[in-house]
Structures are given as C-alpha cells and as structure tokens.
Amino acid sequence: MTDLHTHILPGVDDGARDVQMSISMLRMEREQGVSTVVLSPHFYSDRENVDQFLQRRSVAFQALQSALGQLPAQERETLPRLVLGAEVAWRSDLVECEQLTELCIGTTNNLLLELPFTPWSNRLFDQLYDLMGCAGVTPVIAHLDRYLRLQRPRYIQEVLELGVPVQISAEILLHPFVRGKALKMLRCNQAHLLVSDCHDTGDRAPNLHKGMEIVRRKLGEQRAQELILCADELANE
Ligand SMILES: [Fe+2]
C-alpha cells in the first residue's frame, strides 16, 4: 500500500518537526501496512523558487536518510520505501513555471496539487486546463474533501469532470456525520485515492489503515483494492 501524500520529511513545513518524529511516523505507516511513502512537503511558489525548495527538501531528506542509517538493519528494512514529491499550492502563474516536473512524484509526471481555499472561479478552471495542456504534468487533486463545504457545487463537479486523479483524506471517513459525500465520490469512482496527509504523531498521525477499513466496510474489498492499486501506480509510473 502507498501513502501518496504525507508531511513526514523533517523540518521543512508544518509536518514532522524533527527526524525522531519522522521515524515515529514511518513506524506508524509500517504498522498500517504501508510499504511506500511519498514525502510531499508544501511548496508555495510565492515564498521561494523551485531550486530553493528542492535544496531544502534535499537537506531534510539527507538528514532523514542518515538517521534511518543509524537504525539496526533489521528494522530499517521493514520501514516503507521513500519517494520524493511535493504538495504544490495553486498559483495562477504555475503554468509558467518551467520546473514543474521536478516537483512531481518520484520519476512520474504526477503533480500533487493543492487548490486554493479562496472561492473558485471560471478563471481558475481556465488556468487549470492550461496547466494540464501545456505543462506536461498530470495534476493529482489533493484532499477534495476539504473543499466540499467551501466551494460551489458546480465547481466541485467541474473538478470531478477534469479526468484527473482525485484524492480524499482518510480523516474525513473517520467522522460518520460528514463522510457521506466523500464515500459517495469514492463509490462512484469520482475520487480515486485515499491518503493520510499526515503531519505528526498526534491529531494528524498516519491513518490510512483506519480509512481503508471504512472503505472495506462501506464499499467492499474490491473498491479498497482499486484505491490501493491506483496509489501504487501513481507513485511508480
Ligand atoms: Fe498536505
């Protein structure tokens, strides 16, 4: 199983604050049956350029690798495989960024994209189509569940009709009173991925197993396997 969206990399964003927390989170992922973790720290193009981000990410990744190297080999081998990525915050000028492929997941062209929390507009979708057409990347829409109450239903529908992979966070499935719409999107194949979007070992800890158990219970084993396969493929293309 792949967790395609995590903030496990230490000290780069509002996720793991140090390597000890990163390792604890990787252990939690392992206990949940996760064998591949995508490290996807936030990237904000209005705060730094791609080179600066990649440099910071590289330093943090080396620190994590070095700390993992101190663990007994027996344990190290049981921890999930790590794949580098980024959670790229939407900016209207993103299409002009020539280095977008360097922010994609591993060696794929799949770009984890965080849409804005401000009201969406037709213009946003025009720009999104430009990005899909020109930049040579496939957007993977992060945590659509977080926009359901924020954005107009017709825009949510427009995202579902983009024909790109859509993520739901496991967190939303853990709340019986709010999970209905997210479950419906997963059932109807309008959403294709379940991720943890974990940030720490507390309130936002890795929880993919719990979310997947809800999928199994509500939508069946076959749908759970489809979601698992989709995440595996998007990390490995
Ligand atoms: Fe995230």
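Start at 1 and go down the list; that is how both ligands and their atoms are numbered. Hydrogens, waters and symmetry mates are skipped; everything else that's a heavy atom, side chains included, is used.
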Open item on the list: Below 30° counts as parallel, above 60° as perpendicular, anything between as tilted: where do the rings of His199 and His42 land?
Closed with: tilted
Task: Protein N, O or S within less than 2.8 Å of the Fe ion (ligand 1), waters excluded - done: His5 NE2, His7 NE2, Glu87 OE1, Asp197 OD1
- [ ] Taking all heavy atoms of Leu112 and all of Ala86, pick out the closest pair and write down the distance.
- [x] CB-O, 3.3 Å
Task: Ring center gap for Phe117 and Tyr147 short of 6.0 angstrom - done: yes
Side-chain donor-acceptor contacts of residues 21-31 below 3.5 Å, not counting sequence neighbours, with atom names and distances?
unit_1 : atom_1 : unit_2 : atom_2 : d
Ser22  : OG     : Ile8   : O      : 2.6
Ser22  : OG     : Asp18  : O      : 3.2
Ser24  : OG     : Gln20  : O      : 3.1
Arg27  : NE     : Glu75  : OE2    : 2.7
Arg27  : NH2    : Glu75  : OE1    : 2.9
Arg30  : NH1    : Glu75  : OE2    : 3.0
Arg30  : NH1    : Thr78  : OG1    : 2.8

Task: His7 and Glu87: side chain donor to acceptor below 3.5 Å - done: yes
Task: Glu48 side chain vs Arg56 backbone, donor-acceptor pair below 3.5 Å - done: no
